[in-house]
Amino acid sequence: MELEQLKTSWKELSVKMEKAEIFNRKVTMNMLRRNAKSSAGKLEKYEMIFFVISVLYTGFLGVALTLNESTLIKNESIIVCIAVFILAAIWQGYKLIILQQIKFDRCSTIELLSRVTKYKLLTKGRLIAGMIMLIPVFALLIYFQRDMMVKELWIGMIAGAALGLVIGIRTFMNHWKNINELMTDLEEIKSYDSLSGE
Amino acid sequence: MIFCKFVKTLAEFDSSIKSINFANHCNIQPPSATNMGEKQNNMSSKNPDRLRKQEFLDLLDDNKNIIYKVSFIYSNTLHTQDDLFQEVIINLWNSWPKFRGDCKVQTWIYRIALNTCISSLRKSKSGPQSIPLTRNIEMIAEEYDLSKIRELYALINKLEKIEKAIILLYIEEKSHDEISQIVGISKSNVAVKLFRIKEKLKMMSQN
């Protein structure tokens, strides 16, 4: 089928659609009355919750640091945790900014696809970077709290780490297909970039 | 290693996006007096919210085909046509108060419908139940047309996301100017891209 044939078939279908009952006013009215949220709106809410949690924990740990007497929990351990939550808050904040730039009515198709791809890559990136960063963070925490480490605690930690690794690898494999799809989108956007340079 | 690759890709992507000239395709112009006048008259009624909803439903009724066709083209196993149809309606509703009539209402609907379908932010099983469409595309097409529709769908589905948008607008007989406004590339690039897509489709149908 060539483009002109495709055009003719499409036209025929359009004419039939004009006559068909494809739009249910009552159901749509009910949906509007319920104030159904768009997917972008839901994502924004979700990212905002994580942002607020990160900020609250940073504040809480900051207070804990000033009050801590370094007997059981070392100040260094609290500082490591604060650093993690600050990083998480920055990451979430950046994602929120990108989400707010996704304007369905104002962006062109290419612009929107590029922003959405960037947001999705950041989301996948959080997963990968988070998993990788857990290793040095835990190493530092163990080092600072080494006086606390008894044999039972070591066994528990090793078992937890093994389980975490399995879950992490499984999640990563599940996301790999999506990452590949995002890479294809990136390639497509780049091809439009080279087109504008011609 | 993977993280380094990811960061590198993101950095490359960022710089490439910055170099794309979006050419002010998305500028919202000041509202036209006629359009605003009509809107204000309608809003001055006793029940503005209900009236606004009615006005919106009329708009959907007049342009349901656009939403239906775009969601048909972009529906796949993950996102059913009903899901996309509903998502487009929600986004249109959210953007409706901001529409100031700077472009044709159809252009505005195409932009939102394509942007919604292309973004695929909706997850397959999340959210409220989708609006059940009273007719699906196979019911609309008569039986002898079904093979044509399936072939058409299979061909278009092999294209990339932006290519799909361009070809859809082309077979909808939109001008190069309108395609460039919606997609966000220059008019001359629309011609170049259309030529390449035509070649691609020709090759695919030969295979």
Side-chain angles (χ1 to χ4, degrees), chain A residues 1-3 6-7 9-14 16-18 20-25 27-29 31-34 36-43 102-114 116-118 121-122 124-125 128-129 132 183-186 188-190 192-193 195-196 198, chain B residues 2-3 6 10 13 16-17 19-22 25-26 28 53 57 60-61 64-65 68 87 89-91 93-95 98 108 111-112 114-116 118-119 121-122 127-128 131 133-135 140-141 145 148-149 151-152 155 160-162 165 171 182-186 189 192-193 198 201-202 205:
Chain A
M1 193 186 276
E2 286 188 23
L3 202 57
L6 202 137
K7 214 170 174 177
S9 299
W10 192 254
K11 246 188 205 167
E12 285 168 15
L13 185 70
S14 299
K16 279 173 193 158
M17 271 188 198
E18 289 287 349
E21 282 282 319
I22 52 172
F23 172 61
N24 192 329
R25 280 183 85 100
V27 180
T28 311
M29 188 64 151
M31 184 181 80
L32 296 180
R33 212 171 280 147
R34 282 201 322 269
K37 278 253 182 294
S38 70
S39 304
K42 278 185 227 160
L43 279 175
I102 297 174
K103 303 272 184 218
F104 290 95
D105 55 334
R106 293 182 192 198
C107 294
S108 68
T109 310
I110 295 180
E111 200 173 8
L112 191 111
L113 185 61
S114 66
V116 167
T117 311
K118 195 171 177 180
L121 274 173
L122 277 172
K124 306 286 167 212
I128 301 168
I132 295 169
M183 293 299 179
T184 314
D185 287 348
L186 277 184
E188 196 189 3
I189 298 167
K190 274 183 192 168
Y192 282 81
D193 184 19
L195 199 71
S196 59
E198 278 169 16
Chain B
I2 297 166
F3 182 63
F6 169 78
L10 200 64
F13 173 60
S16 78
I17 290 307
S19 65
I20 296 180
N21 178 16
F22 290 123
H25 287 299
C26 316
I28 302 291
K53 279 178 184 152
L57 289 177
L60 286 184
D61 228 348
K64 60 185 187 251
N65 279 0
Y68 195 77
E87 186 72 14
I89 291 176
I90 297 173
N91 282 330
W93 173 245
N94 290 338
S95 307
K98 288 174 262 167
W108 177 76
R111 180 181 289 161
I112 293 179
L114 282 169
N115 283 349
T116 304
I118 226 168
S119 67
L121 286 170
R122 190 183 170 93
I131 292 177
L133 301 171
T134 49
R135 309 283 298 270
I140 293 167
D145 274 337
K148 261 192 205 171
I149 300 299
E151 195 185 343
L152 188 145
L155 266 181
E160 303 291 351
K161 281 181 182 167
I162 306 170
I171 58 178
I182 297 167
V183 177
I185 50 174
S186 70
N189 283 337
V192 175
K193 209 65 199 173
K198 279 179 192 176
L201 279 171
K202 208 183 271 181
S205 68

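In what follows, chains are A, B, ... by sequence order, proteins preceding strands, each numbered from 1.
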Next on the checklist: Ignoring hydrogens, what is the shortest heavy-atom contact between I185(B) and I110(A)? Give both atom names and the distance.
Outcome noted: CG2-CD1, 3.2 Å
Any chance you could measure [X], atom [atom1], to [Y], atom [atom2], to the nearest 0.5 Å?
X       : Y       : atom1 : atom2 : result
N115(B) : T109(A) : CG    : OG1   : 5.0 Å
I89(B)  : S38(A)  : CD1   : OG    : 13.5 Å
K103(A) : R111(B) : NZ    : CZ    : 14.0 Å
K53(B)  : M29(A)  : NZ    : CE    : 6.0 Å

Next on the checklist: If I measure from the heavy atoms of chain A, does D61(B) come under 4.5 Å with its side chain, its backbone, both, or neither?
Outcome noted: both
Item to check | Best-contacting candidate, L60(B), L57(B), L114(B), against chain A by heavy atom pairs under 4.5 angstrom | outcome: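 Of the options given, most contacts go to L57(B).
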Checklist entry - Ignoring hydrogens and geometry, is there a side-chain-to-backbone donor-acceptor pair from E160(B) to D185(A) under 3.5 Å? => result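 No.
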Next on the checklist: Under a 3.5 Å distance rule, please check whether E111(A) uses its side chain to pair with a backbone N or O of G184(B) as donor and acceptor.
Outcome noted: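 Pair absent, no side-chain N/O of E111(A) close to backbone of G184(B).
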Checklist entry - Are the side chains of F104(A) and S119(B) in touch, meaning some heavy atoms are under 4.5 Å apart? => result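 A side-chain contact exists here, since the closest heavy-atom pair is under 4.5 Å.
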Checklist entry - So do the side chains of M31(A) and I90(B) get within less than 4.5 Å of each other, counting heavy atoms only? => result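 When only atoms from C-beta onward are counted, I90(B) and M31(A) do touch, with a gap below 4.5 Å.
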Item to check | Under 4.5 Å from any heavy atom of chain B - which part of L112(A) | outcome: side chain
Checklist entry - What do the steps show when you test I182(B) against S108(A) for side chain to side chain contact (heavy atoms under 4.5 Å, CB included), and what is the final call? => result CA-CA 5 Å; I182(B) 297 167; S108(A) 68; over 6 Å; no
